Amino acid sequence: MTADRLKTASSIFLPMALLAGASFWLIQSLTTPQQSTLPHPTIATDTTIDTPALVTIPPRNFEYRDPTRYIENELPQISPLVHAKVQTQLEVTQDLVTNKQYRACVVEGYCAPAITVKTPIDDHPVVGINYEMAAKYAEWLSIKTGDNWRLPTALEWAQFAAEKYDDPEKDIQSDPNNPAVAWLSDYRAKSKSKGEAPRQSLRPVGLFGANSLGVNDVAENVWVWTSTCYERINVDAGGTKSSATSCGARVVEGAHRTYLSVFISNPQGGGCTVGDPPSHLGIRLVKGAEQPSFWSLLRNLSPFG
């Protein structure tokens, strides 16, 4: 190969390699939550800290809508309804995390202040919280107590929500050959939910009362972050299945399910969201190791198996 040909080849392949590398970096940066690079102060374990009250949820069977978004032949489909059989108990905080509890993490320099224009009231739930802030609080509380505190998965939220869990697609009809059926049905369901939307004014934790399992303020006017990443499964006309997962967006649970970018703390002010925006974003924690995932079983369900 002559020098001219080598030069020509380099001028073609080098930019292509650089473009491919840049594309890979961009995809990674968009789909992976960014970790804070700021140094954190040394946090000492304090077993005398006032830990949140817990409710123990027994093993139970319940129906649960898979949070994965399904697309077949470029048309949105209703996600499978799962008959979950959870065989392990779950410990969940009785109340939402309060301003007073969250402030202790802020004072130690581990958590960023909540993003809110109103003066926080100690016994009100902390709001104006994005995903990283919620995860950092769980991390801080774990260090302070020596226990494993974390955000719930979408499945675990349904487990402790009990009768407060509202199937997000129960009233939506679909026709694989006519996407307008699903769109119109979804519009009617959202219009109904807006008319039944909970009041936006915050109240002291526990004031909305407990569900049948003893967990307070479930599915009222504060939505909570889960650790479940946004996932989408596509099936083309030939039956070929592909999936895409983005942990740059998470499932948010409350009066209805939605999906939010991890940097959103005030969805009412705009931002990337799927579905109606929540009134407020707060924190509820569970204690202990994450339950074994059975998402792989869902992938075997027809017509996406």
Side-chain angles (χ1 to χ4, degrees), residues 49-57 90-107 111-131 133-138 140-141 149 151-152 154 156-166 168 190 192-226 250-258 260 264-271 273 275-287:
I49 190 173
D50 183 20
T51 56
L54 292 168
V55 174
T56 299
I57 310 299
L90 176 70
E91 289 189 301
V92 58
T93 54
Q94 184 177 35
D95 294 307
L96 297 160
V97 173
T98 66
N99 286 303
K100 182 180 180 180
Q101 290 169 329
Y102 187 79
R103 190 181 302 119
C105 181
V106 175
V107 169
C111 293
I115 305 171
T116 177
V117 296
K118 295 184 178 180
T119 302
I121 301 175
D122 281 357
D123 62 352
H124 284 198
V126 63
V127 297
I129 298 292
N130 63 31
Y131 175 82
M133 295 162 71
K136 283 295 181 184
Y137 177 78
W140 172 83
L141 189 61
W149 297 89
L151 300 176
E156 289 169 336
W157 191 91
Q159 181 183 354
F160 68 70
E163 79 282 359
K164 291 285 190 174
Y165 173 75
D166 186 28
K190 287 180 178 179
K192 179 181 177 182
S193 68
K194 286 181 179 178
E196 300 172 351
R199 291 175 292 276
Q200 290 196 18
S201 58
L202 295 171
R203 301 182 178 186
V205 294
L207 204 60
F208 283 109
N211 67 2
S212 60
L213 297 177
V215 185
N216 290 332
D217 306 331
V218 178
E220 293 296 343
N221 62 358
V222 176
W223 276 246
V224 296
W225 288 99
T226 76
R250 303 280 174 153
V251 177
V252 174
E253 295 283 9
H256 61 263
R257 173 185 291 160
T258 189
L260 286 175
I264 296 298
S265 59
N266 178 18
Q268 291 291 325
T273 179
D276 295 330
S279 301
H280 303 285
L281 283 174
I283 310 171
R284 192 187 296 273
L285 300 179
V286 295
K287 182 182 177 183

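Just so it is clear, the structure is predicted and the values come from calculations on it, not from any experiment. Note that these values count all heavy atoms, side chains included, but never hydrogens, waters or copies made by symmetry.
Annotation: side chain of Y137 is not in contact with side chain of I129 (no heavy-atom distance under 4.5 Å). By the 4.5 Å heavy-atom criterion applied to side chains, V205 and N216 are not counted as neighbours. A heavy-atom distance below 4.5 Å is found between the side chains of W149 and P52. A heavy-atom distance below 4.5 Å is not found between the side chains of V252 and I264. Between Y165 and V218 the shortest side-chain heavy-atom distance does not fall below 4.5 Å. Annotation: side chain of I49 is in contact with side chain of L141 (closest heavy-atom distance under 4.5 Å). Side-chain contact check for P125 versus L202: some heavy-atom pair is nearer than 4.5 Å.
The structure places CG of D122 at 4.5 Å from CZ of R103, a figure rounded to the nearest 0.5 Å. From I57, atom CD1 reaches atom CD of Q159 across 7.0 Å, with rounding to the nearest 0.5 Å. Note that CD1 of I121 and NZ of K100 are 14.0 Å apart. Values are rounded to the nearest 0.5 Å. Rounded to the nearest 0.5 angstrom, N99 CG and D123 CG are separated by 8.5 Å. Rounding to the nearest 0.5 Å gives a distance of 7.0 Å between CG of L54 and OG1 of T93. Q101 contributes atom CD, which lies 9.5 Å from atom CD1 of I283 (distance to the nearest 0.5 angstrom).
Scanning both residues, A138 and L285, for their nearest heavy atoms gives CB-CD2, 3.8 Å. In plain terms, the two heavy atoms of R203 and H124 that are nearest each other are C-CD2, 3.5 Å. Of all non-hydrogen atoms in E220 and A255, the two that sit nearest each other are O-CB, 4.0 Å. Shown here for W157 and G254, the closest heavy-atom pair between the two residues is CH2-O, 3.4 Å. Minimum interatomic distance between P278 and P267 (heavy atoms only, all atoms of both residues): O-CG, 3.4 Å. Shown here for P113 and M133, the closest heavy-atom pair between the two residues is O-CE, 3.2 Å.
Screening V127, L260, L281 for a side chain to side chain contact (heavy atoms under 4.5 Å, CB included) involving W223 leaves a single residue, L281.
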Point to revise | Step-by-step side-chain contact (heavy atoms from CB on, under 4.5 Å) determination, L90 to F160 | key: CA-CA 8 Å; L90 176 70; F160 68 70; 4.0 Å; yes
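D217 and R284 are not joined by a salt bridge, as no carboxylate oxygen comes within less than 4.0 angstrom of a charged side-chain nitrogen.
Although no hydrogens or angles enter the test, the distance criterion places a donor-acceptor pair under 3.5 Å between the side chain of T226 and the main chain of V251.
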